[in-house]
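What you see is a predicted model; the values in this text were computed from it and never measured.
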Amino acid sequence: MRVLLVEDDAELGSGVTASLKREHYAVDWVTDGSSAATALTTGTYDLVILDLGLPKLPGLQVLRQLRAGNEVQKSVPVLITTAMDSVTDRVDGLDAGADDYLVKPFALDELHARVRALIRRRNAASSNMLIHGRLSFDIASRQAASDGVPLDLSVREAGILEMLLLRAGRAVTKEQLLEGLCAWDSDISLNAIEVYVHRLRKKLEPADIRVRTFRGLGYCIDKAPAVATPALQ
């Protein structure tokens, strides 16, 4: 999952970036509103963490521009992080289109939990545990298991599996997978995505989970099979 962090405080921005990367998010960090606006019109993100008191362009203006964009931009979850904690400030942020609000200083564990909750909400997932037939995937730990037996997935294989499960039944393009896995400082290619998907397919065989390829559209995990109900005697 790819996150845009907009934070002008160097120490806080560095700490949040490092903590999110430890949670296996791809993170792009910018330090002013103008750079944020540019990033949001040129890249695709699963979440934006937005400070309000920014140089060059205020955070609320960045948010309003995002919500006035295309359908993809309108749907990106935005978590405001700011030291401005009055009721009026919170109302202004939420009315401008924010999905959640976190007042500084905050605990990193709470930030991570709110990030997971917003990503779940966007993808209509009810909990951190995604169940798909015999396969389970924990969004918090990035651990997959088949019938309770852990699967040995690399960080990028787990990232691809998460994106496919959150969009089960829908095709996800290689470009979307690449953008979801990679920050600006990453250098993997579309060909590498094919390699990761191939390895993931092999590792999902014990769970009888199939990753299908749709030429020109991308990859798709079929919708979870229905659970059989025992016949009445």
Side-chain angles (χ1 to χ4, degrees), residues 1-3 19-27 44-47 77 108-109 111-183 186-233:
M1 293 293 177
R2 189 179 182 191
V3 174
S19 75
L20 289 172
K21 287 184 175 180
R22 285 194 296 270
E23 296 293 308
H24 305 306
Y25 293 99
V27 184
T44 302
Y45 293 92
D46 296 287
L47 179 83
L108 290 174
D109 285 347
L111 174 70
H112 299 160
R114 289 176 183 263
V115 166
R116 291 192 296 268
L118 288 173
I119 291 175
R120 288 199 313 268
R121 187 187 307 169
R122 185 189 191 190
N123 294 280
S126 59
S127 74
N128 283 337
M129 187 64 71
L130 305 178
I131 305 297
H132 197 86
R134 297 167 54 197
L135 178 71
S136 63
F137 183 86
D138 189 332
I139 293 175
S141 66
R142 296 298 202 280
Q143 178 63 61
S146 173
D147 294 329
V149 179
L151 300 178
D152 183 18
L153 302 183
S154 70
V155 169
R156 284 174 173 165
E157 290 164 358
I160 289 174
L161 178 59
E162 179 182 14
M163 285 185 275
L164 292 176
L165 286 174
L166 286 171
R167 299 164 177 81
R170 294 174 286 165
V172 184
T173 67
K174 285 191 287 187
E175 289 79 8
Q176 288 172 326
L177 292 174
L178 184 65
E179 286 192 334
L181 288 178
C182 298
S186 300
D187 59 358
I188 72 171
S189 65
L190 289 176
N191 288 337
I193 296 296
E194 295 180 3
V195 173
Y196 293 133
V197 171
H198 174 74
R199 293 174 181 170
L200 181 61
R201 279 192 174 114
K202 294 291 186 182
K203 295 178 180 181
L204 293 178
E205 286 179 357
D208 295 326
I209 299 298
R210 181 173 58 163
V211 179
R212 302 173 65 188
T213 300
F214 292 91
R215 189 173 299 277
L217 294 176
Y219 303 103
C220 174
I221 280 186
D222 291 335
K223 290 184 178 180
V227 177
T229 301
L232 295 177
Q233 299 297 323

Just wondering, do Asn191 and Val195 contact through their side chains at under 4.5 Å, heavy atoms? no
Output yes when Lys203 and Asp152 qualify as a salt bridge under the 4.0 Å nitrogen-oxygen rule, no when they do not. no
Write down the atom of Leu217, the atom of Thr173, and the distance for their closest heavy-atom approach. O-CG2, 3.1 Å
Write down the atom of Ala171, the atom of Gln176, and the distance for their closest heavy-atom approach. O-OE1, 4.2 Å
Using a 3.5 Å distance criterion without hydrogens, assess whether the side chain of Ser146 forms a donor-acceptor pair with backbone atoms of Val149. no
Could you tell me the separation between the OG atom of Ser154 and the CD1 atom of Ile160, rounded to the nearest 0.5 Å? 7.5 Å
Could you check whether any side-chain N or O of Arg114 sits under 3.5 Å from a backbone N or O of Leu111, counting only pairs where one atom can act as donor and the other as acceptor? no
Considering non-hydrogen atoms only, spot the tightest contact between Gly148 and Pro150 and give its length. O-CD, 3.5 Å
Test log, rule side chain to side chain contact (heavy atoms under 4.5 Å, CB included), inputs Leu190 and Leu177: CA-CA 9 Å; Leu190 289 176; Leu177 292 174; over 6 Å; no
Can you give me the closest heavy-atom contact between Arg134 and Ala207, atom names plus distance? CB-O, 3.9 Å
Approximate separation, where rounding is to 0.5 Å, of Leu178 CG and Tyr196 OH: 10.0 Å
Applying the side chain to side chain donor-acceptor pair (under 3.5 Å) criterion to Thr213, which one of Lys174, Glu194, Arg201 satisfies it? Arg201
Would you compute the distance between atom CD1 of Ile209 and atom CG of Leu164 and round it to the nearest 0.5 angstrom? 11.5 Å
Straight-line distance of Leu161 CG to Leu200 CG, nearest 0.5 Å: 5.5 Å
Is NZ or CZ of Arg116 both nearer than 6.0 Å to the six-membered ring centre of Tyr25 and within 45° of the ring axis? no
Look up atom CD in Glu205 and atom CG in Leu151, then write down how far apart they are to the nearest 0.5 Å. 11.5 Å
All heavy atoms of Leu135 vs all of Ala144, minimum pair found to be CD1-CB, 4.3 Å
Treating Glu23 as the side-chain partner and Leu20 as the backbone partner, does any N or O pair qualify as donor plus acceptor under 3.5 Å? no
When you measure from the side chain of Arg170 to the backbone N and O of Ile221, does any donor-acceptor pair fall under 3.5 Å? no
SB check Asp46 Arg167 (cutoff 4.0 Å): yes
Give me the atom names and distance for the closest heavy-atom approach of Ala26 to Leu181. CB-O, 3.3 Å
Between Tyr45 and Arg2, is there a cation-pi geometry (under 6.0 Å to ring centre, at most 45° from the normal)? yes
Run the side chain to side chain contact (heavy atoms under 4.5 Å, CB included) test against Asp138 and tell me which residues pass, sequence neighbours left out. Asn128, Met129, Ala140, Ser141
Working to the nearest 0.5 Å, report the span between CD of Glu162 and CZ of Phe137. 5.0 Å
Pair Leu166-Met1, side chain to side chain contact (heavy atoms under 4.5 Å, CB included): steps then yes or no: CA-CA 11 Å; Leu166 286 171; Met1 293 293 177; 3.1 Å; yes
Using the rule given for side chain to side chain contact (heavy atoms under 4.5 Å, CB included), can you reason through Val115 versus His112, listing the C-alpha separation, both sets of side-chain angles and the distance that settles it, and then say yes or no? CA-CA 5 Å; Val115 166; His112 299 160; 5.6 Å; no
